[in-house]
Amino acid sequence: MSSLLYYTLPALSSYVMLSIFFLRRPRLLHTPWVSAFCPRLGAHRGGSGERLENTMEAMENAVAQRADLLELDCQLTRDGVVVVSHDKDLSRQSGVNRDVGSLDFEELPLYKEELEVYFSPGHFAHGSDRHMVRLEDVFRRFPRMPISVEVKEQNEELIRKIAGLVRHYERDEITIWASEKSSVMKKCKAANPEMPTAFTISRGFWVLLLYYLGLLPFISIPERFLISFLPTIINRTYFPFSCSGLNQLAAVVSKWLIMRKSLIQHLEQRGVQVVFWCLNEESDFEVAFRLGATGVITDYPTALRRYLDNHGPPAPAS
């Protein structure tokens with residue numbers, strides 16, 4: 001046993017020292033990704049706290065606040081039109097108990113006159129524009145605006161059409177593939193491998209595991225964006241579980257796991273831009289930027305713009 005420890009302890013110590021060394025200096029092993037844009041201010045669902053979500057009016061408002069990124073979700077209509085819609089079922093948005101895919105584009109109902117802001121419970125957005133929009137119209141209206149397009153389900157026709165629109169409008173470098181599911185992301189990358197990708201949930205957990213095992217500095221990372229929730233909003237504005245006790249536990253555990261400056265700084269040095277969502281309060285903006293995040297996705301682009309103009313990104317605490 002003593003001879004085993006004699007060899008094991010020095011080897012383990014050397015491994016730990018090398019891991020820490022390259023965690024802090026990843027460019028000695030990896031060439032960092034070079035991004036075409038820096039998403040400091042991202043507008044969630046186009047800025048759903050200030051105008052009705054995913055409408056052209058909301059996006060116009062976000063662009064007026066000098067947003068760097070629009071975050072959108074897409075669905076496919078019965079007649080094959082890619083529309084910007086968070087929900088597949090239109091009940092919450094429009095009060096119509098139909099799926100987007102069961103209607104032609106011209107049959108889609110108007111949004112309700114007011115919609116609750118999901119990440120600001122008890123607050124409601126209004127707007128004069130209540131129309132659902134085609135993704136193609138968004139690309140035409142904002143030809144150089146970076147956009148994150150989230151695909152929620154394995155709809156190969158939807159994925160293929162999004163990929164085709166991105167190619168047609170020459171937006172490969174400024175349109176992000178996003179999905180929670182790795183199976184969906186695999187199809188997205190196959191449809192248009194030139195588009196940058198964000199981490200899926202399982203890939204995010206994989207990176208955390210590698211980080212805590214000390215292996216992350218030695219592993220290649222194909223993703224260019226980590227779009228992660230900020231753990232401090234759990235149990236305050238974001239309730240993934242119906243049980244408050246589980247929300248409290250999720251907040252504590254995820255905060256301990258994710259909010260590691262050394263991890264975020266390592267990813268940033270490798271060109272992986274870290275963006276936290278969905279933050280609607282100045283105190284949360286402060287937390288995200290002090291951690292070293294590239295940017296924030298918010299329902300309130302005016303509030304985030306005011307914060308950035310007044311404070312700028314705070315210097316990371318030592």
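Start at 1 with the first residue, then count along the sequence. Predicted, not measured: the structure shown is a model, and the values here were computed from it.
There is no side-chain donor-acceptor pair under 3.5 Å between E281 and Y300. Residues S179 and T200 bring no donor and acceptor atom of their side chains to less than 3.5 Å of each other. Side-chain polar atoms of T77 and D104 form no donor-acceptor pair below 3.5 angstrom. Side-chain contact check for Y307 and E286: at least one donor-acceptor pair (N or O, by modelled atom type) lies under 3.5 Å.
Within a 6.0 Å radius of CD in E113, other residues, nucleotides and ligands contribute 12 heavy atoms or fewer. Within 6.0 Å of NE2 on H131 lie no more than 12 heavy atoms contributed by other residues, nucleotides or ligands.
For the side-chain contact (heavy atoms from CB on, under 4.5 Å) test, residues two or more places apart in sequence or in another chain that qualify with K112 are L115. With sequence neighbours excluded, the residues satisfying ring-ring contact (aromatic ring centres under 6.0 Å, His included) with Y212 are W256. Among residues two or more places apart in sequence or in another chain, the salt bridge (charged side-chain N to carboxylate O under 4.0 Å, His left out) test is passed with E50 by none.
Distance check, rounded to the nearest 0.5 Å: CD1 of I234 to CG of N247 gives 7.5 Å. With rounding to the nearest 0.5 Å, the separation of CD1 in I162 from OG1 in T175 is 10.0 Å. To the nearest 0.5 Å, the span separating CZ on R236 from CG on L230 amounts to 8.0 Å. Once rounded to the nearest 0.5 Å, the distance linking CE of M195 with CD1 of I176 reads 8.5 Å. A distance of 6.0 Å separates OG in S85 from CG in L90, rounded to the nearest 0.5 Å.
Annotation: F199 is not in aromatic contact with W206 [ring centroid separation under 6.0 Å not met]. A ring-centre distance under 6.0 Å is found for F225 and F37.
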Check your understanding: Could you go step by step and tell me if Y211 and S262 meet the side-chain hydrogen bond (donor to acceptor under 3.5 Å, both in side chains) rule?
Key -> CA-CA 10 Å; Y211 168 74; S262 58; 2.5 Å; yes
Point to revise | Worked check of side chain to side chain contact (heavy atoms under 4.5 Å, CB included) between I174 and R144 | key: CA-CA 7 Å; I174 60 171; R144 302 315 302 163; 3.7 Å; yes
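Aromatic ring orientation, F119 versus H44: perpendicular (interplanar angle above 60°, classes split at 30° and 60°).
Checked for salt-bridge contact, K152 and E180 miss the test: no charged N lies under 4.0 Å from a carboxylate O. Residues E156 and K187 are paired through a salt bridge, judged by an N-O separation under 4.0 Å between the basic side chain and the carboxylate.
M56 and M132 fall into different hydrophobic clusters, where Ile, Leu, Val, Met, Phe, Trp and Tyr side chains are chained together by heavy-atom contacts under 4.5 Å.
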